[in-house]
Amino acid sequence: MPPITQTPEWHALEAHFEELRDQHLRDLFAADPERGQRLTIEVAGSVPERRTGSVPERQTGIYLDYSKNRITDETVELLVALAHRAGLRDRIDAMFRGEKINVTENRAVLHVALRAPEGAVIDVDGENVVPAVHAVLLKMADFADRVRAGSWTGHTGAPVRNVVNIGIGGSDLGPSMAYEALRDFSRRDLTFRFVSNIDGNDFWEAVHGLDPAETLFVVSSKTFTTLETLTNARSAREWLLAGLTDVDESTVAKHFVAVSTNAAEVAKFGIDTENMFEFWDWVGGRYSYDSAIGLSLMVAIGPDRFGEMLAGFRSIDEHFRTTAFEENLPVLLGLIGIWYDDFFGAETLAVLPYNQYLARFPAYLQQLDMESNGKSVDRDGHPVTMSTGPIVWGQPGTNGQHAFYQLVHLGTKLIPCDFIGFVHANHELGDHHDLLMANLFAQTEALAFGKTREAVEAEGVPAFQVPHRTFPGNRPTNTILAERLTPFTLGQLVAIYEHKVFTQGAIWNIDSFDQWGVELGKSLANRIVPQLQLEVSSALDHDSSTNALIRRYRRLRA
Ligand code: F6P
């Protein structure tokens, strides 16, 4: 197949872009009174299963308003045609069938199997992986119940009250983001902390004030070879043993569990492999928090809520797999992103959750999107012929409004934004929630429609200020509106972005599931570590900048 940029579908979009580039959202809305209702999608929610017979709260769908984008019905048609030309349907089916679509690592990509219902069949190398997924979920639930019940005791016989997850990247961002997001559903009498950075400050703070006798470490690492995680895990072991008396071989086993694919390294560290929670090489790190990597989250919110979250993921998996692209929420988000990345030349995407509990969501999406689609060669190793993954960033509303929105409204750059909001507050407090949501709605309105020179002048603004106070508008946004932030909704939100990233990677024909870009820095750091400890004057063979920095560091440390 020719590169996607040489297909008639791509050329049709280029021509269409020339027609649309100067049209204003004001005019698009004025010409089409139904636009704000028509360019929307709702994915129905479904009632999740729970282990207990109790009735879950009512779940509703996720509503996407994509009308405030610089698109028309024709744009959607052309983008959908591009998706068909790129073979998106086959790629989706291949993923769900367990084919090895991670070509550079020769691996299947099956995070969808992590939330497949019991009884589903998804084969990898001729073996159905779903029973193993459910066996691990059961083992996790048993562990989580024991910790929550106070029956998992440590070296002194005291129950565990503090859970510290040690991991980095996908082994940290998912569980820590989701823990923050679902704090409201968590056991408030237990303490949960997350340590990731190799910077000792992170570990120092993570254990500050904790009693080793009541502390359990969950060492989360797919490979169990990651420098940061093993360094933090060794420090944790030292901290634990230094804080307890009469320690022996069994002490570590009582205070450490592991989540990994690598039993040999787990055993080498001294963790009882009975207390290891398994996952598999077909789960990418950044797609893993609904696997055993979510163990600390499951302890926090309990197995039932964790199950609801999986049901949320599953509802979007089904929607993504079965819905026509025109009505497919993750597909549309992906296509709209491509419209801005590749035709408007936008470089970034701001993700702006109007819920403080989602403060870590942009950071989570940074790894999900940028580690997946930050690629400049295609699946066959040829240079790509278009711009790939956007720079993802953001902060919760309304804080961002008082920081960077100036540039989004009046700067020279085009910054597409995803606004995420909820109809109901987690905690109704006076009129906080209406004020919060009024701001969300106002921002998308202001970005789209701006404020004309005439309107500013009509307010009697002094002439010299008029250009400064005129808002050009025509700044695109998506609004994702859900009813309430619950485990189910969080699962839906994450799955939406997972499949959006998938959609874009498929159209760009890149391998969204490898991450070779992190390797070079890692290996150079390993080379530099011993050099930092040598004599100030000992020879170095880096470039002149790196040599000078190392020498200065050595001199000041000596
Ligand atoms: O940053 C590279 C990376 O491999 C990520 O993809 C991964 O999530 C992270 O490191 C942690 O890896 P591990 O879980 O093997 O410790």
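Residue numbers start at 1 and run along the sequence shown. Ligands are counted one by one from 1 in listed order, and the atoms in each one are counted from 1 as well. Please read these numbers as outputs of a predicted model, since none were measured by experiment.
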Under a 4.0 Å threshold between the charged nitrogen and the carboxylate oxygen, would Asp511 count as salt-bridged to Lys375?
no
Just checking, any donor-acceptor pair under 3.5 angstrom between side chains of [X] and [Y]?
X	Y	answer
Arg286	Gln515	yes
Asp317	His499	yes
Ser372	Tyr287	yes

Below 4.5 Å, heavy atoms only, C-beta onward: do Leu297 and Phe192 meet side chain to side chain?
no
Flag the pair Phe313 / Tyr289 as yes when their ring centroid distance falls below 6.0 Å, and as no otherwise.
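When the ring centroids of Phe313 and Tyr289 are compared, they turn out to be within the sub-6.0 Å range.
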Which protein residues have a heavy atom closer than 4.0 Å to any atom of ligand 1, listed by chain and number?
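Only Ile168, Gly169, Gly170, Ser171, Ser221, Lys222, Thr223, Thr226, Gly285, Gln367, Glu371, Gln515, Val518 have heavy atoms that fall under 4.0 Å of ligand 1, ordered by chain and number.
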